[in-house]
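This report concerns only the one structure given below.
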2 protein chains.
Amino acid sequence: MNAPPRMTRQRTAVADALADLADFRSAQQLHEVLRSRGDSVGLATVYRTLQALAEAREVDVLRNEDGESLYRRCARREHHHHLVCRGCGRTVEIDGPTVESWASTVGAAHGFEDIDHTVELWGTCADCRS
Amino acid sequence: MNAPPRMTRQRTAVADALADLADFRSAQQLHEVLRSRGDSVGLATVYRTLQALAEAREVDVLRNEDGESLYRRCARREHHHHLVCRGCGRTVEIDGPTVESWASTVGAAHGFEDIDHTVELWGTCADCRS
DNA sequence: GGCTTCATGAGAGTCATTCTCACTTTTGGT
DNA sequence: ACCAAAAGTGAGAATGACTCTCATGAAGCC
């Protein structure tokens, strides 16, 4: 059993920033946002905090096409998918077809276990097109 | 109009290796395979060749959970999805539910264009479990 | 055979992410 | 409040995948 995380200025700042931001952002972007707000937090700490939040399922993580990790505090905690803008990270939470059961069925049929799946949509939003 | 790629020893070696390998492999792994075969090819060339093949849709690319690119010469050229083993890269080509039309519909409904989607399944195969 | 042009590769460079470690803060008694 | 133990922090170094540079080599074409 691991102890609950400690409440530090940095952790709060990261959580607050995530609460304000609506879209998926990289750790570096978050770091910059915090800096410009005046809540300066070390880059390593931003990474650590985001990972911790992700493990606690407080934030969702996904990889953009460059393999960079993007983080977002989602409205719903239940499982869902995303439609994300390649340009600005603008995000819409969406309900996918029920891939969950399909995924584990297909997996089991081929002798695979611990099936996990990724279903994400990428596109260019109206703003990033003009 | 760009000229067709030249047929070099290196390009052939990479293509051959991909033809023999059944599973998703990283550029580094391919490089190692080539080296152990005796068909030594520079790492930069392996990367370049794989990218070229991917652009030509000769191979499929996907990102593992670490964000690393994995390549595979797939049996079918039509669109399909994969069930990949996290441990060894063992791959099964699968038919997913028809997400294609769903993807563009959902995208359009939110004002997004050039919709692209990722649907991949990850699991642990029988061999990697024992 | 010559020649033009693309391909190669060794090594340097980039960049996101992680690690190190000395220093600071929280937290949980007291 | 006080204090020690343990966790958190951050500047900078390290890692690792990938890309770039540029001098040299090899394809394709006459």
Side-chain angles (χ1 to χ4, degrees), chain A residues 1-18 21 23-56 58-72 84 86 89, chain B residues 1-18 24-56 58-72 84 86 89:
Chain A
M1 209 75 268
N2 29 5
R6 291 183 180 178
M7 186 63 86
T8 64
R9 174 183 70 77
Q10 292 85 341
R11 197 173 288 266
T12 308
V14 172
D16 285 356
L18 282 169
L21 266 29
D23 307 323
F24 273 96
R25 290 281 177 262
S26 70
Q28 312 260 0
Q29 288 176 319
L30 258 305
H31 179 244
E32 191 44 49
V33 167
L34 290 166
R35 164 162 314 231
S36 65
R37 281 185 173 204
D39 294 323
S40 191
V41 176
L43 183 56
T45 301
V46 173
Y47 274 103
R48 274 187 296 238
T49 306
L50 288 173
Q51 279 182 194
L53 288 172
E55 253 167 63
E58 300 269 322
V59 298
D60 280 6
V61 196
L62 56 82
R63 301 263 184 175
N64 69 10
E65 285 154 343
D66 295 333
E68 198 176 2
S69 293
L70 304 181
Y71 303 84
R72 177 179 191 258
V84 188
R86 272 182 276 264
Chain B
M1 209 77 264
N2 28 4
R6 290 185 181 174
M7 188 62 85
T8 63
R9 175 183 68 78
Q10 292 83 343
R11 196 173 289 267
T12 307
V14 171
D16 286 354
L18 281 169
F24 274 97
R25 292 279 178 264
S26 69
Q28 314 261 358
Q29 287 176 318
L30 259 305
H31 179 245
E32 190 46 47
V33 167
L34 290 166
R35 163 163 314 237
S36 66
R37 280 187 173 203
D39 294 323
S40 192
V41 176
L43 184 55
T45 301
V46 173
Y47 275 104
R48 275 187 296 238
T49 306
L50 288 173
Q51 279 181 195
L53 289 172
E55 253 166 63
E58 300 270 322
V59 299
D60 279 7
V61 196
L62 57 81
R63 300 263 184 176
N64 69 9
E65 286 153 342
D66 295 332
E68 198 177 359
S69 293
L70 304 181
Y71 303 84
R72 175 179 193 260
V84 188
R86 271 183 278 265

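Numbers restart at 1 for each chain; the letters A, B, ... are given by sequence-line order, proteins then strands.
Rounded to whole Å, atom C1' of dC15(C) lies 11 Å from atom CG of L43(A). Atom pair Q51(B):CD and dT8(C):C1' shows a separation of 15 Å (rounding to whole Å applied). Atom CZ of R25(A) and atom C1' of dT17(C) are 20 Å apart (whole Å). Atom pair R63(B):CZ and dC18(D):C1' shows a separation of 10 Å (rounding to whole Å applied). Atom CG in D66(B) sits roughly 11 Å away from atom P in dC18(D) (whole-Å rounding). Whole-Å rounding puts the R6(B) CZ to dG28(D) P distance at 7 Å. What separates NE2 of H31(B) from P of dG16(D) is a distance of 16 Å, to the nearest Å. Distance Y71(B) OH to dA17(D) C1': 10 Å, rounded to the nearest Å.
Considering only heavy atoms from C-beta on, R63(B) stays 4.5 Å or farther from L70(B) through its side chain.
No option in V14(A), V46(A), T45(A) other than V46(A) meets the side chain to side chain contact (heavy atoms under 4.5 Å, CB included) test with H31(A).
Within the 4.0 Å cut-off from OP1 or OP2 of dG8(D), at least one side-chain nitrogen or oxygen of R11(A) is found. Distances shorter than 4.0 Å separate none of the side-chain N or O atoms of T8(B) from OP1 or OP2 on dA26(D). Between Q10(A) and dT24(C) there is no side-chain N or O to OP1 or OP2 distance below 4.0 Å. Close to dG8(D), at under 4.0 Å from its OP1 or OP2, lies no side-chain N or O of T45(A). Residue Y47(A) has a polar side-chain atom (N or O) positioned under 4.0 Å from OP1 or OP2 of dT17(C).
Nearest nucleotide to the Q28(A) side chain, out of dG9(C), dA16(C), dG10(D): dA16(C).
Donor-acceptor pairing under 3.5 Å is lacking for the side chains of Q51(A) and Y71(A).
Nearer to the 5' terminus of DNA chain C, by closest-nucleotide assignment, is the contact made by P5(B) (compared with the other of P5(A) and P5(B)). Looking at which nucleotide of DNA chain D each of M7(B) and R48(B) is closest to, the 5′-most match is held by R48(B).
As judged by a 4.0 angstrom heavy-atom cut-off over every strand, S69(A) is placed among residues touching the sugar-phosphate backbone only.
Between the side chain of R9(B) and the base of dA26(D), no donor-acceptor pair under 3.5 Å is found.
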Test side-chain contact (heavy atoms from CB on, under 4.5 Å) applied to T49(B) and Q10(B), step by step: CA-CA 8 Å; T49(B) 306; Q10(B) 292 83 343; 5.6 Å; no
